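Beneath this line is the structure, given in structure tokens, with notes to follow.
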Amino acid sequence: MAIKSSKPDIERTVSPRQQEDEIISEISLRPRRLDEYVWQAQMKEHLSVAIQSAKIRNKPLEHILFYWPPGLGKTTISTIIAHEMGSAIKSTSGPAIEKQSDIISILTSLTEGEILFIDEIHRLRPQIEEILYSAMEDYQIDIMIGSGTGATSVKMDIPAFTLIGATTRLSNLSNPLRDRFGNVMKLDFYETIDLARIIKRSFSLLGLSTLSDAAILSVAERSRWTPRIANRYVKILRDYATVGKPIENKDECEAIFEGFGVDSYGLDILDRKLMMHLMESFHGRPVGLSTLASVVGEEVATIEDVVEPYLLQIGFIERTPRGRQITMKWEEYMRKTE
Ligand code: ADP
């Protein structure tokens, strides 16, 4: 079992297995207060009201479930909530909680009002979910005392806490678990203008405040509407600037992106490989997800959670009952770039 600040599950631009220095610099770019967090105004208002109400009532915040693709800010917003509530936060992830004793020891070690953040909550095992039901609803857990026929179940109180669950797969969550969350919140991909705000802030935190708006926009346009990718590109440009390469304007930045294979739509080598296979090997016909994953040499979950959400969103592929298929928009894009 691991309790720590957790990361999602796929290598690439939205990777879980980050290097120590990357995690440290990510922490420094992570906004700490709700007013620094770029989000739709209504969602922010809704969350802010829930936080203020919990504080006035002197009760823990209702449990919250966040769902959206990796890299869009679930961990960040959970940390902000803890900060705004003045509460401690413990972070873990669904696959890290292996045994019932793991979840019992996490729950019994919480302090009053503490936040428990469980990333990839859809990957919790059913026996562990069951313990969460009464923990979430009544702040109680059932503990078995003794063994064999003499075993009895005893209810034990645990501190009142807030569970923040994060998932990229809402549909994989069992209904009883989903129903116990007082708030279920979805975040969509970010608008280019919002990403530009995040990028500007990150550049200035990294000591680069002289960038032109055009350069900021060129990063925003390539970041697949995802802050984690935006921050990664910001750090790459920072590295170029550190070794004396100019990054003052759009053209200079674009040349750098071209150099490492990211085009003006933010498509990278993996996206293009997938699209080319759909177009050439399958002649534009629909292809099942597992076939597609095996021809590009990636796991199905990588294609589903990391690659295709953006390709679907920009309209380069579509889902049909028989599989994924390229669209006219992709064909137009190909004609333009040839
Ligand atoms: P997730 O948990 O959804 O995978 P994270 O919370 O780890 O994503 O966010 C990834 C990076 O993007 C972090 O470095 C964070 O600083 C930045 N980030 C995410 N959302 C926002 C936001 N709304 N405003 C500013 N920065 C953000």
Side-chain angles (χ1 to χ4, degrees), residues 4-48 64-84 89-96 115-123 164-170 185-206 216 219-220 222-238 266 301-302 305-307 309-310:
K4 55 175 178 60
S5 84
S6 43
K7 298 276 138 219
D9 204 12
I10 290 145
E11 285 282 8
R12 193 189 177 201
T13 38
V14 278
S15 163
R17 279 158 243 138
Q18 285 150 317
Q19 302 296 315
E20 193 80 354
D21 60 340
E22 192 182 350
I23 291 171
I24 291 166
S25 65
E26 188 154 286
I27 289 167
S28 62
L29 294 182
R30 239 182 242 287
R32 309 238 154 148
R33 293 191 321 267
L34 195 53
D35 59 12
E36 293 174 313
Y37 189 77
V38 176
W39 203 9
Q40 298 147 23
Q42 301 116 295
M43 298 297 264
K44 238 162 127 163
E45 171 71 10
H46 176 69
L47 190 58
S48 165
I64 304 179
L65 180 65
F66 287 119
Y67 71 104
W68 55 65
L72 293 186
K74 297 182 292 282
T75 312
T76 306
I77 189 69
S78 306
T79 317
I80 289 175
I81 292 171
H83 185 261
E84 297 282 340
I89 179 164
K90 267 200 184 79
S91 301
T92 184
S93 73
I115 287 174
L116 174 61
F117 174 65
I118 306 186
D119 201 3
E120 296 185 78
I121 194 162
H122 60 274
R123 292 177 64 186
I164 301 185
T167 179
T168 49
R169 309 265 181 107
L170 187 64
M185 296 185 168
K186 174 175 191 275
L187 187 86
D188 284 316
F189 286 112
Y190 288 67
E191 302 277 341
T192 305
I193 187 156
D194 289 335
L195 270 184
R197 284 171 59 198
I198 296 174
I199 291 162
K200 201 166 182 175
R201 175 178 173 275
S202 299
F203 270 124
S204 84
L205 285 173
L206 294 174
I216 291 169
V219 180
R222 286 163 178 77
S223 302
R224 308 167 74 91
W225 307 323
T226 305
R228 176 165 310 145
I229 298 175
N231 279 348
R232 180 156 300 178
Y233 291 162
V234 163
K235 283 181 237 160
I236 290 174
L237 291 191
R238 181 268 322 267
T302 308
D305 291 345
V306 179
V307 185
Y310 178 68

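Here the structure is a predicted model, which means the values were calculated and not measured. For ligands, and for the atoms within them, numbers begin at 1 and follow the listed sequence.
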With L65, the side chain to side chain contact (heavy atoms under 4.5 Å, CB included) member among I118, I164, T167: T167

Least distance between heavy atoms, L195 atom then A220 atom: CD1-O, 3.7 Å

Distance-minimising heavy-atom pair for A230 and I199: CB-CG1, 3.8 Å

Ligand-side contact atoms (ligand 1) for residue partner L29, heavy atom cut-off under 4.0 Å: 16 (O)

Ligand-residue contact atoms, ligand 1 with W68, heavy atoms, under 4.0 Å: 3 (O)

Any N or O of G71 closer than 3.5 Å to N or O of ligand 1: yes

Ligand 1 N/O within reach of I77 N/O, cut-off under 3.5 Å: no

Ligand 1 N/O within reach of Y190 N/O, cut-off under 3.5 Å: yes

Residues, nucleotides or ligands: over 12 heavy atoms within 6.0 Å of E191 CD: no

Geometric N/O contact N231 with ligand 1, under 3.5 angstrom: yes

Nearest atoms (heavy-atom pairs only) where R224 meets Y310: CA-CE1, 3.4 Å

Proximal candidate to atom 10 (C) of ligand 1 [heavy atom criterion; set R228, K235, K74]: R228

Proximal atoms of ligand 1 relative to P31 (non-hydrogen, under 4.0 Å): 16 (O), 24 (N), 25 (C), 26 (N)

K44 NZ: over 12 foreign heavy atoms closer than 6.0 Å: yes

Any W39 heavy atom less than 4.0 Å from ligand 1: no

Mode of T76 contact toward ligand 1 - side chain, backbone, both, neither (heavy atoms, under 4.0 Å): both

W68 and F66 aromatic ring geometry - parallel, tilted or perpendicular at 30°/60° bounds: tilted

